[in-house]
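What follows is a single structure, written as structure tokens, with notes after it.
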Number of protein chains: 2
Amino acid sequence: MTNSRDNAIDLGLLLPFQISQLNSALNAQAKVIITRYGDLNLAQWRIVRVIALGIENTTTPVRKATGIDKSQFSKMLSTLEKKGYVVLHPNEEDKRQHVIELTEKARIAHERLGPVLDERQRHLVAALTEEELAVIYKAIKVMADAAQKTDFNIPISEMEEE
Amino acid sequence: MTNSRDNAIDLGLLLPFQISQLNSALNAQAKVIITRYGDLNLAQWRIVRVIALGIENTTTPVRKATGIDKSQFSKMLSTLEKKGYVVLHPNEEDKRQHVIELTEKARIAHERLGPVLDERQRHLVAALTEEELAVIYKAIKVMADAAQKTDFNIPISEMEEE
DNA sequence: TTGAAAAGGTGGAAAAGTCAACAATCAAGT
DNA sequence: ACTTGATTGTTGACTTTTCCACCTTTTCAA
């Protein structure tokens, strides 16, 4: 079938590379599913979902929760507004921010797409045990921390061979 | 309305999202390191690396091994050629493809940057055990395969129950 | 051998993401 | 109240990435 689509993953190359490959595959998958069910892109869907699940409903917390750059977040939010998925209200507690309210349209979209993506999530981890999943979550956290460091000074002795 | 999805959020079960975040962090890290050592970007470096390691040396296999989109690969390769990192030779076996040869410049770049990225790799996984790493490699493979499926049609019965 | 289908590569357009400047707002100390 | 510095969001220019339509070459089968 279509498994072993890359020799790259089988070759046991570097971990960041494999994660990048995996991320690409997951992105492509999500994109196909999401666009099949409506006119939202991935970033817009994440915004809708965070609000629909009641996690956050003001701009900055939503932005932080979705992990989207503030510039792009501003653009995505305004297109969401233009498309009629959200209504923006002034936030009395902090007049720089907005309170985001989902419209009926957004709620319907979420009701349709949410279960599909839940099913996808189950499918993704179906072959993994609870213990393995725990390891993965830990590893993600560990590596995300480790990704902050950028100064890897190689000892001179190692660099001499030129 | 409240179902297991809520716990899923609390448990941090949004795996594709976390992988995406992790990938962003790793990409940013790699970008800083690579640009500090030269004028290659991440995709170009990967091409150089696959060839330098002797894994492949013709266009399509290199492209598959690096996992780069064929359009972007074409562009990256031509800029690599312009910058003097590679020389392209016609491939007699398949005249659509090229044989890629690294120049001395590319070899020197690889000698310099390779050890630094190896050090980075060690740093990334320093907090993980061998067993955990094995789990991660397995999980990446499993999920990359699972990411190929895009038809998650929710049975009508399931939609009514929940 | 020839014609259709598949694969490789190219270039342009569109989307996504990045960056810097700016204005409004807030927080906090004076 | 007033100043200072930090946060937030918006905008426009810019770069990078992704997508798609097209052309050439190869492959395969009749």
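Each chain gets a letter, A, B and so on, in the order the sequences are listed, and its residues count up from 1. Note: hydrogens, waters and symmetry copies are ignored here, and every other heavy atom, side chains too, is used.
- Enclosure of atom NZ in B:Lys31 is not indicated, since only 12 or fewer non-hydrogen atoms of other residues, nucleotides or ligands lie within 6.0 angstrom.
- Considering only side-chain N and O atoms, B:Ser74 lies nowhere under 4.0 angstrom from the phosphate OP1 or OP2 of C:dG9.
- A heavy-atom distance below 4.0 Å to DNA chain C is reached by none of the residues of residues 78-88 of chain B.
- Separating the NE2 atom of A:His98 from the C1' atom of C:dA24 is a distance of 11 Å, rounded to the nearest angstrom.
- Distances from the side chain of B:Lys95 to the nucleotides D:dT8, D:dT25, C:dG8 place D:dT25 closest.
- Side chains of B:Ile47 and B:Ile68 form a contact here, defined as non-hydrogen atoms less than 4.5 Å apart.
- A sub-4.0 Å separation between OP1 or OP2 of D:dC19 and a side-chain N or O of B:Ser71 is absent.
- Taking atom CG of residue B:Asn91 and atom P of nucleotide D:dT25, one finds them 14 Å apart after rounding to whole Å.
- When rounded to the nearest whole Å, the span between CG of A:Asp69 and P of D:dG12 equals 17 Å.
- Tracing side-chain contacts under 4.5 Å through hydrophobic residues (I, L, V, M, F, W, Y), one never reaches B:Val48 starting from B:Val87; they form parts of separate clusters.
- The separation between A:His89 atom NE2 and D:dG9 atom P is 16 Å, rounded to whole Å.
- For the OP1/OP2 pair of C:dA16 and a distance below 4.0 Å, the side-chain nitrogens and oxygens of A:Asn41 include at least one atom meeting the criterion.
- Residue A:Thr59 places none of its side-chain N or O atoms closer than 4.0 Å to OP1 or OP2 of D:dT8.
- B:Lys31 comes within 4.0 angstrom of no nucleic acid atom, judged by non-hydrogen atoms across all strands.
- Put simply, B:Val99 and B:Leu80 are part of two different groups of oily side chains (I, L, V, M, F, W, Y) that touch within less than 4.5 Å, one to the next.
- Protein atom CG of A:Asn23 is 11 Å distant from nucleotide atom P of C:dG17, rounded to whole Å.
- For A:Arg96 and D:dT8, a side-chain-to-base donor-acceptor distance below 3.5 Å is absent, hydrogens and geometry of angles not being considered.
- Heavy atoms of other residues, nucleotides or ligands lying less than 6.0 angstrom from NZ of A:Lys141 number 12 at most.
- Donor-acceptor pairing under 3.5 Å, judged by distance alone, is absent between the side chain of B:Lys70 and the base of D:dT18.
- Both B:Arg63 and A:Ala43 lie near DNA chain C, and the one whose nearest nucleotide falls closer to the 5' end is B:Arg63.
- A salt bridge links B:Lys138 and A:Glu132; the closest N-O separation between the charged side-chain nitrogens and carboxylate oxygens is under 4.0 Å.
- For the pair A:Ser24 and A:Thr60, nearest-nucleotide mapping onto DNA chain D gives the more 5' position to A:Thr60.
- Atom CD of A:Gln72 is separated from atom P of C:dA20 by 17 Å (rounded to the nearest Å).
- Nearest heavy atom pair, residue B:Leu88 against residue B:His98, reads CD1-ND1, 4.1 Å.
- Taking atom CD of residue B:Glu92 and atom P of nucleotide D:dT25, one finds them 13 Å apart after rounding to whole Å.
- Rounded to whole Å, the distance from NZ on A:Lys75 to P on C:dC19 is 12 Å.
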